[in-house]
Student: 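To start, I am sharing the structure in question, which I have written as structure tokens.
Excluded from the calculations below are hydrogen atoms, water molecules and symmetry mates; all remaining heavy atoms, backbone and side chain alike, are included. Remember, it's a predicted structure, so these values are computed and weren't measured experimentally. Numbered from 1 within each chain, the chains take letters A, B, ... in sequence-line order.
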Number of protein chains: 2
Amino acid sequence: MSRPTIAGVARAAGVSVASVSRVLNGLPATEEMIERVQRAVDALGYVPDSRARSLKVGRTFQLTLAVADVGNPVYVTMMRAVEEVVSAAGYRLVVTTTGPDVVDEVALVRGMARGYADGLLISPIRVDEDLVKSIRECEVPVVVAGNVPAKAGVDTVRANSPKGMLLAVDHLVAKGRRRIAFLNGPADTVPGAARSKGFTEALKAHELQPAAVAEATDFTFAAGRAAAPDLLAAGGVFDALICANDLLAVGLMHELAAAGLEVPRDVAVVGMDDSELAEQSFPPLTSVNLGSAERGRRAAELLLARIEDNERAPRRIVVQPSLSIRRSTP
Amino acid sequence: MSRPTIAGVARAAGVSVASVSRVLNGLPATEEMIERVQRAVDALGYVPDSRARSLKVGRTFQLTLAVADVGNPVYVTMMRAVEEVVSAAGYRLVVTTTGPDVVDEVALVRGMARGYADGLLISPIRVDEDLVKSIRECEVPVVVAGNVPAKAGVDTVRANSPKGMLLAVDHLVAKGRRRIAFLNGPADTVPGAARSKGFTEALKAHELQPAAVAEATDFTFAAGRAAAPDLLAAGGVFDALICANDLLAVGLMHELAAAGLEVPRDVAVVGMDDSELAEQSFPPLTSVNLGSAERGRRAAELLLARIEDNERAPRRIVVQPSLSIRRSTP
DNA sequence: TTGTACGCGTTATCAA
DNA sequence: TTGATAACGCGTACAA
């Protein structure tokens with residue numbers, strides 16, 4: 001006994017398939033018709049086939065979320081927010097990992113043409129001409145969480161890294177720290193470039209010179225630890241440290257402790273992303289909240305809105321940062 | 001101009017749709033035919049529609065992963081492993097959050113009948129008769145990551161909590177700790193019940209009595225902190241503490257520090273799951289590795305295998321634990 | 001308000 | 001080897 005189809009229900013109810021379809025989709029029908037159909041549906045345990053439905057209506061009620069690494073806390077936060085919005089709207093979420101390579105991102109965007117999802121929410125870690133082109137030409141609506149040129153012609157939600165950097169520097173300066181160092185992630189990434197620019201600007205605003213700058217090989221805990229020697233070689237020249245994300249900050253804090261430096265007494269540390277790890281680390285980490293959850297939420301809403309109406313002009317939303325002050329700064 | 005269909009390609013190439021389909025699916029054809037079809041495909045930028053394909057072949061090449069909370073580190077680890085296996089096999093991953101309620105899990109399992117995915121990988125947080133029934137009757141293959149009665153008749157991959165508990169207690173006893181306390185999560189959950197049973201057995205094996213036992217309201221950092229007063233009220237009666245997961249352990253460690261207790265000197269702390277947080281916490285947390293990544297990987301493999309051959313007898317895999325010793329224990 | 005019949009884009013069967 | 005055509009299960013003109 002295979003799964004019943006709409007034809008089976010119609011036969012069992014003694015009505016036409018059209019009537020069954022109408023009742024199931026809430027279109028006008030007589031009480032008696034609704035009753036008969038419902039009875040047959042229940043009796044047979046009929047469930048509409050979403051494959052056939054997708055082909056017919058040209059929509060899958062699925063959205064794709066593409067991030068570089070589903071394990072990164074900031075993506076986890078975004079994903080959770082996205083999942084909430086999307087499922088509340090009756091859509092399923094297809095989660096894809098692109099990896100660090102831009103060609104994989106391009107392949108993914110092109111692959112949307114197969115029509116397995118109604119929209120794409122992508123947070124590209126690196127951006128090039130090919131990617132912009134593929135996004136502009138994508139067969140389904142695209143929303144970018146991150147920075148992409150306006151000529152891509154799509155909705156965008158991004159953080160304000162420079163403003164966030166300024167909040168961090170303001171705070172440190174207010175606490176009397178002047179010799180500020182910076183640990184970035186890879187500068188050839190979208191967030192890396194933004195952080196670097198923001199740090200330079202923020203120091204300039206305070207007429208300060210960087211006390212030390214280092215670049216980790218990745219935005220991870222391990223990379224943060226590995227970058228420690230570079231910074232510590234400049235021993236004692238900095239009394240504050242800003243890290244491009246929380247993982248780097250926590251990794252570095254472990255090495256600071258190992259080197260006998262106390263946080264925040266000897267070195268104040270500020271992370272970015274304000275992920276759950278910031279609250280959980282010891283000491284709890286002061287961190288720039290770049291609004292990952294809000295970005296996820298708004299990006300998802302933008303995507304849903306665009307699916308409803310693809311004619312509206314692209315919007316570029318910037319989510320403002322805030323500073324979560326904890327015990328890693330004085 | 002809408003997307004080209006296989007008919008458009010056939011027309012452009014001057015061949016039949018059947019031939020185009022064959023070439024695209026690698027079925028036997030002459031060199032010249034392959035050449036002509038390929039040329040037309042490239043010229044038109046044709047991409048097969050996966051909706052139509054799904055309807056025809058009865059497969060979507062999608063799998064559903066259902067967990068209670070995509071933000072929980074242990075699920076993140078599992079998800080990453082699952083995503084890797086699944087995408088390598090050419091499948092997409094649909095990620096669904098069930099929430100803490102068992103009725104939502106049942107609805108999800110029933111909903112698989114719509115055929116939007118070829119299989120389900122579920123990690124139920126609570127299990128009841130309804131859920132077991134729905135799993136047994138599910139329209140698509142199901143693999144359970146966790147504990148579910150054999151009568152559900154499905155492949156299962158689970159951790160060995162009791163063995164893991166024993167590893168933790170062995171270690172603590174070897175280090176001279178005898179007054180061992182336990183912080184569990186909700187005992188009416190699958191992992192909570194397993195942890196509780198394991199702790200009791202492990203202490204019995206060493207002929208010890210529990211020094212203190214508390215139950216947090218959830219498996220979270222916040223719940224760990226909130227549970228601290230309960231345990232600390234028993235002040236000084238324990239010199240070691242096992243927590244049902246890493247989040248609880250780290251939350252509690254913050255409160256221990258606030259209470260002036262030093263880890264591991266005053267209290268040795270052991271977590272469970274050996275998530276990335278264990279390595280990142282300060283001091284780094286000794287933790288029972290229950291093999292989340294391996295469970296995810298094997299569950300995904302089991303599901304793929306069952307989709308290929310649904311006749312094989314259900315397998316019940318138990319992944320063995322190990323202990324990752326770090327500085328939170330002497 | 002209800003029923004008939006067609007088409008969505010693809011794969012698979014059967015003849016040629 | 002290739003081509004014509006019948007499904008796959010559903011939604012919806014159009015006609016009654």
Side-chain angles (χ1 to χ4, degrees), chain A residues 1-38 40-41 44-62 111-118 139-140, chain B residues 1-41 44-62 90 111-118 139-140:
Chain A
M1 52 166 239
S2 169
R3 272 177 52 192
T5 74
I6 198 172
V9 175
R11 217 175 306 122
V15 301
S16 75
V17 292
S19 296
V20 177
S21 175
R22 273 191 294 263
V23 169
L24 261 38
N25 292 299
L27 298 177
T30 57
E31 273 305 319
E32 196 215 328
M33 177 62 83
I34 295 177
E35 173 75 15
R36 290 177 68 170
V37 170
Q38 205 52 256
V41 165
L44 297 179
Y46 168 75
V47 179
D49 184 315
S50 55
R51 294 177 294 245
R53 189 162 203 284
S54 290
L55 174 59
K56 180 62 193 172
V57 304
R59 293 173 70 171
T60 57
F61 293 93
Q62 291 188 164
M112 296 306 294
R114 281 175 297 177
Y116 65 86
D118 303 338
E139 294 287 340
V140 300
Chain B
M1 54 168 241
S2 168
R3 272 177 52 191
T5 73
I6 199 172
V9 174
R11 220 175 304 122
V15 300
S16 74
V17 292
S19 295
V20 176
S21 176
R22 272 192 295 262
V23 169
L24 261 36
N25 291 299
L27 298 177
T30 57
E31 273 305 319
E32 196 215 326
M33 177 63 82
I34 295 177
E35 173 75 13
R36 290 176 69 170
V37 170
Q38 205 51 257
R39 204 190 304 278
V41 165
L44 298 179
Y46 169 74
V47 179
D49 185 314
S50 53
R51 295 177 292 246
R53 187 164 206 282
S54 289
L55 173 59
K56 181 58 193 174
V57 303
R59 293 173 70 170
T60 57
F61 294 94
Q62 292 188 162
M112 295 306 296
R114 282 174 297 176
Y116 66 85
D118 303 336
E139 294 286 340
V140 300

Student: With nearest nucleotide decided by heavy atoms, which residue, B:Y46 or B:R22, maps closer to the 5′ end of DNA chain C?
Tutor: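 It is B:Y46 whose nearest nucleotide is closer to the 5' end.
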Student: Calculate the interatomic distance between B:R59 atom CZ and D:dG9 atom P; express it in whole Å.
Tutor: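 Distance check: B:R59 CZ to D:dG9 P gives 16 Å.
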Student: Side-chain contact, heavy-atom cut-off 4.5 Å: A:E139 with B:V47?
Tutor: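 They are not in side-chain contact.
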Student: Side-chain contact, heavy-atom cut-off 4.5 Å: B:D49 with B:T5?
Tutor: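 A side-chain contact under 4.5 Å is absent here.
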Student: Which nucleotide in the list C:dA12, D:dT2, C:dC8 gets nearest to the side chain of A:K56?
Tutor: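 Out of C:dA12, D:dT2, C:dC8, the nucleotide with an atom closest to A:K56's side chain is C:dC8.
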Student: One pair to check against side chain to side chain contact (heavy atoms under 4.5 Å, CB included): B:V23 and B:V41. What are the steps and the verdict?
Tutor: CA-CA 11 Å; B:V23 169; B:V41 165; over 6 Å; no
Student: Of all the choices, D:dG11, D:dT1, D:dG3, which nucleotide is nearest to the side chain of A:I6 once you look at every atom?
Tutor: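 Minimum distance to the A:I6 side chain belongs to D:dG11.
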Student: Of the nucleotides D:dG9, D:dG3, C:dT10, which one has an atom closest to the side chain of B:T5?
Tutor: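 For B:T5, the side-chain atoms sit closest to C:dT10.
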Student: Could you tell me how far apart B:L55 (CG) and D:dG11 (P) are, to the nearest whole angstrom?
Tutor: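 The distance from CG of B:L55 to P of D:dG11 comes to 12 Å, rounded to the nearest Å.
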Student: Pick the closest DNA chain D nucleotide for A:V17 and for B:E32 by heavy atoms, then say which residue is nearer the 5' end.
Tutor: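 Between the two, 5'-proximity favours B:E32.
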Student: Taking atom C1' of C:dT10 as reference, at what distance in whole Å does atom OH of A:Y116 sit?
Tutor: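 In whole Å, C:dT10 C1' lies 19 Å from A:Y116 OH.
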Student: Let's see if you can work this out: which of D:dT1, D:dA4, C:dT11 has an atom nearest to the side-chain heavy atoms of B:N25?
Tutor: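 Of D:dT1, D:dA4, C:dT11, C:dT11 is nearest to the side chain of B:N25.
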Student: Whole-Å distance between C:dC8 P and B:R3 CZ?
Tutor: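 These atoms are roughly 14 Å apart.
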Student: Using whole Å, report how far CZ of B:R11 lies from P of C:dT10.
Tutor: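 Taking CZ of B:R11 and P of C:dT10, I get 12 Å after rounding.
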Student: Among the candidates C:dT11, C:dC8, D:dG3, find the nucleotide nearest to the side-chain atoms of B:A18.
Tutor: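 The closest nucleotide is D:dG3.
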Student: If only atom types and distance count, is the side chain of B:R22 paired as donor or acceptor with the main-chain N or O of B:L27 below 3.5 Å?
Tutor: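 Looks like no, no N/O pair under 3.5 Å.
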Student: Please state how far atom CG in B:L24 lies from atom P in C:dT11, giving the value in whole angstrom units.
Tutor: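 Those two atoms, CG and P, are 7 Å apart.
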Student: Roughly, in whole Å, what's the span from CG in B:L27 to C1' in C:dT11?
Tutor: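 Result: 10 Å.
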Student: I want to check one thing: is the phosphate of D:dC10, taken as OP1 and OP2, less than 4.0 Å away from some side-chain N or O of A:R51?
Tutor: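 Negative; the distance criterion is not met.
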Student: Given the rule in the side chain to side chain contact (heavy atoms under 4.5 Å, CB included) test, do B:Q62 and A:Q62 qualify, once you have shown the distances and angles that lead to the verdict?
Tutor: CA-CA 11 Å; B:Q62 292 188 162; A:Q62 291 188 164; 2.8 Å; yes
Student: If you compare every side-chain N and O of B:S19 against the phosphate oxygens of D:dG3 (OP1, OP2), does one of them come in below 4.0 Å?
Tutor: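 Looking at the OP1 and OP2 atoms of D:dG3, one of them is under 4.0 Å from a side-chain N or O of B:S19.
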Student: May I have the distance from A:R53 (atom CZ) to D:dC10 (atom P), rounded to whole angstrom?
Tutor: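 Going from A:R53 (CZ) to D:dC10 (P), I get 10 Å.
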Student: Of all the nucleotides listed (D:dG3, C:dT10, D:dT12), which has the minimum atom distance to the side chain of A:S21?
Tutor: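 Nucleotide nearest to A:S21's side chain: D:dT12.
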Student: Check every atom of D:dC10, C:dT10, D:dT2 against the side chain of B:A52 and return the nucleotide holding the closest atom.
Tutor: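 Looking only at heavy atoms from C-beta outward on B:A52, the closest nucleotide is C:dT10.
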